[in-house]
Amino acid sequence: MNEWEFDLLEDKAPLLSVPVLGSDVKVGDFVRLRPRKGGDIMDLALADKVACIESIEQDYDGRVHLAVVLEDDPGKDLGVLRQPGHRFFFAPEEVEPMKPLPKILVAGIGNIFLGDDGFGVEVIRQLAGRTFPEHVKVSDYGIRSYDLAYALLDAYDIVILVDASPRGDAPGTLYVIEAQPDKDKAAPAPDAHTMNPVSVIQLAKTLGPISSRIFLVACEPATLGGEEGYMGLSEPVSAAVPGAIQLIDDLINKGGNQWN
């Protein structure tokens with residue numbers, strides 16, 4: 001059914017929910033599209049796509065249609081505004097309910113004037129050129145300790161911190177660590193020039209409860225700029241940026257489950 005046909009429908013109130021495969025789905029839920037074989041060729045082209053239910057409508061005969069917008073459609077906001085071409089209609093039996101997508105924050109940490117301490121900032125700079133789904137936020141926090149601490153109090157399911165972290169291995173070595181901060185430690189005073197994940201987590205815990213799983217994607221630095229500091233990453237740390245981005249993609253796509 002297309003957009004123009006819906007203009008001719010009776011003035012029926014949209015449904016709040018509809019049963020699909022034993023579960024009630026509602027507006028705002030995500031579904032995977034499973035168009036029936038032999039259906040419209042456009043519907044078949046959308047098979048296996050992830051979509052969000054924008055409304056639940058009924059036609060003259062009382063048949064239920066789910067109006068959906070595609071998650072990977074760059075113009076999906078037009079679908080929410082009910083614009084043709086960005087809003088699609090499927091029967092309840094043509095969709096498969098999905099678990100709610102986790103709300104994820106990817107946060108870069110670092111001081112660009114301290115050599116390899118700018119690793120997290122550079123990773124976020126490269127990620128900023130990509131389009132992420134609505135449930136993923138990517139942001140550079142630099143050395144803004146309080147801003148990041150307050151962000152950790154938001155209802156994120158997963159937080160991925162990206163930073164340089166010296167652990168004694170070869171420069172450019174990457175780590176993925178799930179943070180387990182000591183709840184009894186007092187929060188250190190924020191430094192105006194540096195920031196580290198442990199101090200920010202402890203600071204956030206003094207401000208309120210944190211419910212997120214927190215991961216650190218870290219890189220072993222070669223230098224932190226010395227006493228005078230300098231801008232720019234060392235060669236091994238710069239070369240590690242694509243690998244860090246791949247680790248972040250894995251955490252986002254698998255919801256951190258590979259590190260259970």
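Because the structure is predicted, anything quoted here is derived from the model rather than measured.
Considering all non-hydrogen atoms of both residues, Asp249 and Arg130 come closest at OD1-NH2, 2.9 Å. Contact record, Ile143 with Gly110: CG2-O, 3.7 Å, taken as the closest heavy-atom pair. The two residues Gly118 and Leu233 have their closest heavy-atom pair at C-CD2, 3.7 Å. Annotation for Leu174 and Phe119: closest pair CD2-CZ, 4.0 Å, computed over non-hydrogen atoms. Of all non-hydrogen atoms in Pro197 and Ile109, the two that sit nearest each other are CG-CD1, 4.1 Å. Residues Pro102 and His135 come closest through the heavy atom pair O-CD2, 2.8 Å.
Residues Leu16 and Ile56 are not in side-chain contact: their nearest non-hydrogen atoms beyond the backbone lie 4.5 Å or more apart. Counting only heavy atoms from C-beta outward, the side chains of Lys205 and Ile210 approach each other to under 4.5 Å. Residues Pro97 and Asp29 are not in side-chain contact: their nearest non-hydrogen atoms beyond the backbone lie 4.5 Å or more apart. Annotation: side chain of Leu152 is not in contact with side chain of Leu203 (no heavy-atom distance under 4.5 Å). Side-chain contact between Phe132 and Val106 is absent, with no heavy-atom pair separated by less than 4.5 Å.
Linking Ile, Leu, Val, Met, Phe, Trp and Tyr whenever their side-chain heavy atoms come within less than 4.5 Å leaves Val50 and Leu44 in two separate clusters. Following chains of ILVMFWY side-chain contacts shorter than 4.5 Å, one can reach Leu207 starting from Val200, so the two form part of one hydrophobic cluster. A chain of hydrophobic side-chain contacts below 4.5 Å, direct or via other Ile, Leu, Val, Met, Phe, Trp or Tyr residues, connects Met231 to Val121.
Looking at Asp250 and Lys254, no side-chain N of the basic residue comes within less than 4.0 Å of a carboxylate O on the acidic one, giving no salt bridge.
Once rounded to the nearest 0.5 Å, the distance linking CG of Leu33 with CD of Glu71 reads 11.5 Å. Atom CD of Gln246 sits about 10.5 Å away from atom CG of Leu251, to the nearest 0.5 Å. The distance from the OG atom of Ser23 to the CE atom of Met98 is 13.0 Å, given to the nearest 0.5 Å. Taken from OH in Tyr230 to CG in Asp116, the straight-line distance is 5.5 Å, to the nearest 0.5 Å. Between atom CD of residue Glu57 and atom NE2 of residue His65 there is a gap of 9.5 Å, rounded to the nearest 0.5 Å. To the nearest 0.5 Å, atoms OG (Ser211) and CG (Leu153) are separated by 9.5 Å.
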Atom pairs and distances, side-chain donor-acceptor, residues 89-96, under 3.5 Å, sequence neighbours left out:
unit_1	atom_1	unit_2	atom_2	d
Glu94	OE1	Arg36	NH1	3.3
Glu94	OE1	Ala91	N	3.0
Glu94	OE2	Arg36	N	3.2
Glu94	OE2	Arg36	NH1	3.1
Glu96	OE1	Arg34	NE	3.1
Glu96	OE1	Arg34	NH2	3.3

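With hydrogens and angles disregarded, a donor-acceptor distance shorter than 3.5 Å links the side chain of Arg32 to the backbone of Asp48.
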Hey, mind stepping through Val31 and Val20 against side-chain contact (heavy atoms from CB on, under 4.5 Å) and telling me if it holds?
-> CA-CA 10 Å; Val31 294; Val20 175; over 6 Å; no

Walk me through it: do Ser238 and Glu122 pass the test side-chain contact (heavy atoms from CB on, under 4.5 Å)?
-> CA-CA 9 Å; Ser238 180; Glu122 176 60 20; over 6 Å; no

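Heavy-atom contacts from other residues, nucleotides or ligands closer than 6.0 Å to NZ of Lys103 number more than 12. Within 6.0 Å of CD in Glu235 there are 12 or fewer heavy atoms belonging to other residues, nucleotides or ligands.
Within the structure, the side chain to side chain donor-acceptor pair (under 3.5 Å) test picks out the following pairs touching residues 147-167 (sequence neighbours left out): Arg144-Asp147.
No option in Leu161, Val159, Ile160 other than Val159 meets the side chain to side chain contact (heavy atoms under 4.5 Å, CB included) test with Leu105.
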